[in-house]
Asks: 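One structure, pasted below without further comment.
Labels below follow one simple rule: chain letters A, B, ... track the order of the sequence lines, proteins then strands, and each chain is numbered from 1. Small disclaimer: the values here were computed from a predicted structure and weren't measured.
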There are 2 protein chains.
Amino acid sequence: MVVIEDILKKNQLSVTDGRKKILELFISSEGALAHADIEEKTGENFDRVTVYRTLNTFVEKGIIHHIPTTDNSILYALCKDNCEAGHHHDNHVHFICDVCNKTICLDEVTVPTVQLPEGFRPSHAEMVVNGVCGDCK
Amino acid sequence: MVVIEDILKKNQLSVTDGRKKILELFISSEGALAHADIEEKTGENFDRVTVYRTLNTFVEKGIIHHIPTTDNSILYALCKDNCEAGHHHDNHVHFICDVCNKTICLDEVTVPTVQLPEGFRPSHAEMVVNGVCGDCK
DNA sequence: GCATTTTTGCAATAGTGTTGCAAGTTTTAA
DNA sequence: TTAAAACTTGCAACACTATTGCAAAAATGC
């Protein structure tokens with residue numbers, strides 16, 4: 001797939017097998033992925049360390065973003081096109097399905113602003129909703 | 001302090017040095033605490049395992065609750081009185097100060113409901129706001 | 001194609017959380 | 001007050017997750 005190489009090149013990254021494979025995984029998967037998912041789905045082809053480094057690189061370049069979770073695991077999902085290196089626009093709500101356990105970016109649902117107490121100034125807000133997703137209902 | 005022992009007894013827990021010390025810590029600290037904070041602040045007096053088990057016990061009994069974080073660490077904070085074992089009422093917004101790094105429960109700010117896409121049914125929502133707190137402003 | 005730059009894999013290390021078990025402490029109730 | 005029962009603790013061992021340094025390998029630029 002040429003498209004995948006282009007994404008890497010556009011972000012000034014060397015095109016390597018590992019990066020292509022991992023990026024492909026993100027593109028073809030609906031929900032968010034954890035490090036463990038990636039290791040599993042890429043088979044035994046890559047070193048754990050390579051996966052970690054690739055994920056970090058992708059986050060730095062703004063190709064994927066970090067998703068907050070309630071249960072203390074790290075999840076990643078593809079960024080939309082308006083994300084740039086070091087400046088994410090991922091202010092949407094994340095949804096975790098209690099049934100299929102997928103984490104889904106609700107790109108069309110933005111995090112609402114809340115009224116904070118006197119003296120508090122917000123800079124960023126995250127929201128995670130649990131429940132049953134459209135596929136599992 | 002007699003009050004601390006009463007809290008433990010009310011929750012059918014044996015009164016031990018470790019539990020008293022850790023509960024005291026929570027009561028006297030403003031923000032949320034991580035496992036590491038507790039180990040640090042209780043000195044070398046307790047085993048790591050004891051701290052883990054005490055925290056789990058407190059969560060089960062509804063004395064403290066789990067706070068979601070963006071950065072994959074586990075934080076705990078005191079529950080308000082209306083929390084009971086197995087049934088938390090901690091649906092308030094949590095605030096993380098970018099300056100002092102404290103995590104604060106905004107008990108008076110409840111998590112807003114958002115409009116989800118067709119077919120999604122929510123069961124629970126968490127919200128974490130970053131920014132500058134009242135003390136650091 | 002060759003030199004430079006970047007990435008990878010390995011080994012080692014650190015952090016975090018859990019479990020089994022024996023020893024110690026707290027509770028209960030006589 | 002004391003002894004048995006119940007519970008908690010500390011230790012050792014283990015598992016999982018993540019990071020770093022370094023040499024070998026691959027990708028890039030010319």
Asks: Might you point out which heavy atoms bring B:C133 and B:I104 nearest each other, and give the distance in Å?
Replies: CB-CD1, 3.9 Å

Asks: Taking donor-acceptor contacts at under 3.5 Å, does the side chain of B:R48 reach the base of C:dG17?
Replies: yes

Asks: Base, backbone or nothing for each nucleotide of nucleotides 20-30 of chain D, written B, S, -, heavy atoms under 4.0 angstrom, 5' to 3'?
Replies: BB-----SS--

Asks: Does a side-chain heavy-atom distance below 4.5 Å link B:D98 with A:S123?
Replies: yes

Asks: Please give the angle, rounded to 10 degrees, between the axes at the start and the end of the helix from C:dG1-D:dC30 to C:dA30-D:dT1, where five pairs define each axis.
Replies: 40°

Asks: Counting only side-chain heavy atoms from C-beta out, which of D:dA18, D:dT19, C:dC10 sits nearest to A:D47?
Replies: C:dC10

Asks: Angle class for the A:H94/A:H65 ring planes (parallel below 30°, perpendicular above 60°, tilted otherwise)?
Replies: tilted

Asks: Which word best sums up how the rings of B:Y76 and B:F26 line up, parallel for under 30°, tilted for 30 to 60°, or perpendicular for over 60°?
Replies: perpendicular

Asks: Figure out the CG/P separation between A:N11 and C:dT6, and round it to whole Å.
Replies: 16 Å

Asks: With the 4.5 Å side-chain cut-off for hydrophobic clustering, are B:Y52 and B:I74 part of the same group?
Replies: no

Asks: Please determine whether a side-chain nitrogen or oxygen atom of A:Y52 lies at a distance below 4.0 Å from atom OP1 or OP2 of D:dA18.
Replies: yes

Asks: For the residue pair A:K137 and B:R121, what are the closest heavy atoms and their distance?
Replies: CA-NH2, 4.4 Å

Asks: Please confirm whether the shortest side-chain N or O distance from B:N56 to OP1 or OP2 of C:dT18 is below 4.0 Å.
Replies: yes

Asks: More than 12 non-hydrogen atoms from neighbouring residues, nucleotides or ligands closer than 6.0 Å to CD on B:E108, yes or no?
Replies: yes

Asks: Tell me the closest heavy-atom pair linking A:V109 and B:V114, and the distance in Å.
Replies: CG1-CB, 4.1 Å

